[in-house]
Amino acid sequence: MDAKRIVPILVVREGRVVDPATGAALGTPSLWARRLEWQGADELLFLASEGRLDWITSVARNVAIPFTVEAPAGPAALLALGADRVLLPTADLGRLRATELGRSRVLASADASLSREALEEAARDGAGELLLQAPGQTPAWIGEHCARLAISALLRSSDPLGDGEALAHGLEGIAYPAALGAPTSFKKALGALGVPLRG
Amino acid sequence: MITLVELPLEGLQPLEGALAQLGRPHLRASRPSQAAPEGAILLRGSGSFEAGCVALKESGWWFELPQMLASGRPVLGLGLGFHLLAEGSEACPRGAGLALLPGIARSLGPGVRLPHRGWARVERCREHPRIPDPRGAWMFFDHAEALDPGGPTLLAAHHGRPIAVMDLQGICVGVQADPCRSGAFGLGFLDRLLECLGEAPQARPPEALN
């Protein structure tokens, strides 16, 4: 069985990782990527809102875990810069011709409340995995919902420990704001619940 | 010096970064004429098997790689590159690979989610004097097809069925996991593998993060 994945989320503005609440610059994406890798992250997700994207190549060269990027640029351009994968809204997969990118290169964001058929349509439209948001849903509901999907899914969570129960079912991983804590701390607590984790 | 086969739409940054960290001089070559005069050839591959075959043929690599291997240059295929070195892939039933390694990449399905994307434990199938036992180390995978473990298989993992992680036949090697995205273990594994293939590291100053 594969390990479940813990995926810290970093917000990038003008080429710097920032505190999403205050906007304060916290360092370079490469530095944060290496730090989180050493702290046990299984993957990284970068959410960039500015046009400057040269940091993607630096991260690609300096980090030894996979990372996904959401940024205001064409997905092919992000992949050419070195992103392992791009995050795209499910609704835009067709318009952005995601099938031409390869399913391994596309993570699609979607609301978990969509029907199973609607979520699995993302796979036909080019997504290799889903990043689900499930506000107000219990971990048990999330886990059981994901277990029935033919496409693997991560959960975007603001409470990785609270939502950790979903990892015991069909959920493959949890993506959470990196400011909430080091991956090792969550892995220790989730491992005690019997969740299969790396490290 | 290591030559990285550069195919269209391929991101070589992870491999270049890993080689820089490991102190391995390297260059990109979109055509065989641009290859280093000696040293290992690395074929990473991305996209589809069919597109990879077309790109190798259009660039001339398809015809040169077997000759380079026969002349004594190690060839290492990573991920899709492993499948291109093999006899073929179910992803492209009408096509054929370079057949430098035996076997056909078969779909991992049905019964498992595709693609297989995640961290899986790697185990040793047979001993090798210079490739250490991974003892269940985690490596990162991202694929929908894989070769079955066979005679040349040194390392294997499991996703729905046993899958070959590393095949070695002479100086031709195929690796399914991505050593550039498998953390510290992956970099160490790539380091040891390149040493086995005759690529020694060179001392260089640390590369600054920016």
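Throughout, protein chains are lettered first and strands after them, A, B, ... in sequence-line order, and every chain is numbered starting at 1. Since we're looking at a predicted model, the values are computed, not measured.
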Taking everything shown except [X] itself, do over 12 heavy atoms lie less than 6.0 Å from its [atom1]?
| X | atom1 | result |
| --- | --- | --- |
| B:R126 | CZ | yes |
| B:K57 | NZ | yes |
| B:E50 | CD | no |
| B:R28 | CZ | yes |
| B:E127 | CD | no |
| B:E195 | CD | yes |

Between [atom1] on residue [X] and [atom2] on residue [Y], distance to nearest 0.5 Å:
| X | Y | atom1 | atom2 | answer |
| --- | --- | --- | --- | --- |
| B:R121 | A:R198 | CZ | CZ | 10.5 Å |
| B:F140 | A:R5 | CZ | CZ | 6.0 Å |
| B:R117 | A:L154 | CZ | CG | 8.0 Å |
| B:D178 | A:D84 | CG | CG | 7.5 Å |

So for [X], is it side chain, backbone, both, or neither that comes closer than 4.5 Å to the heavy atoms of chain B?
| X | answer |
| --- | --- |
| A:A3 | both |
| A:E100 | neither |
| A:I65 | both |
| A:I56 | neither |
| A:R16 | neither |

Taking [X] for the side chain and [Y] for the main chain, is one N or O donor matched with an acceptor at less than 3.5 Å?
| X | Y | answer |
| --- | --- | --- |
| B:R113 | A:G128 | no |
| B:Q13 | A:A83 | no |
| B:W119 | A:D42 | yes |
| A:R103 | B:L114 | yes |

Looking at [options], which makes the most heavy-atom pairs under 4.5 Å with chain B?
| options | value |
| --- | --- |
| A:M1, A:E43, A:E37 | A:E43 |
| A:G173, A:G199, A:G170, A:P196 | A:G170 |
| A:L81, A:V59, A:L101 | A:L81 |
| A:S104, A:G82, A:P66 | A:P66 |

(request) Check whether B:A18 gets within reach of chain A through its side chain, its backbone, both or neither, counting any heavy atom under 4.5 Å. (result) backbone
(request) Side chain from CB out, backbone as N, CA, C, O: work out which of these in B:S182 comes under 4.5 Å of a heavy atom of chain A, or both, or neither. (result)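 For B:S182, the backbone is the part near chain A, not the side chain.
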Picking from [options], which has the most non-hydrogen pairs under 4.5 angstrom with chain A?
| options | answer |
| --- | --- |
| B:A144, B:G186, B:A137, B:P115 | B:P115 |
| B:A184, B:G11, B:G183 | B:G183 |
| B:C180, B:A157, B:A120 | B:C180 |

(message) Which heavy atom of A:D2 sits nearest to which heavy atom of B:H116, and what is that distance?
(response) OD2-NE2, 2.7 Å
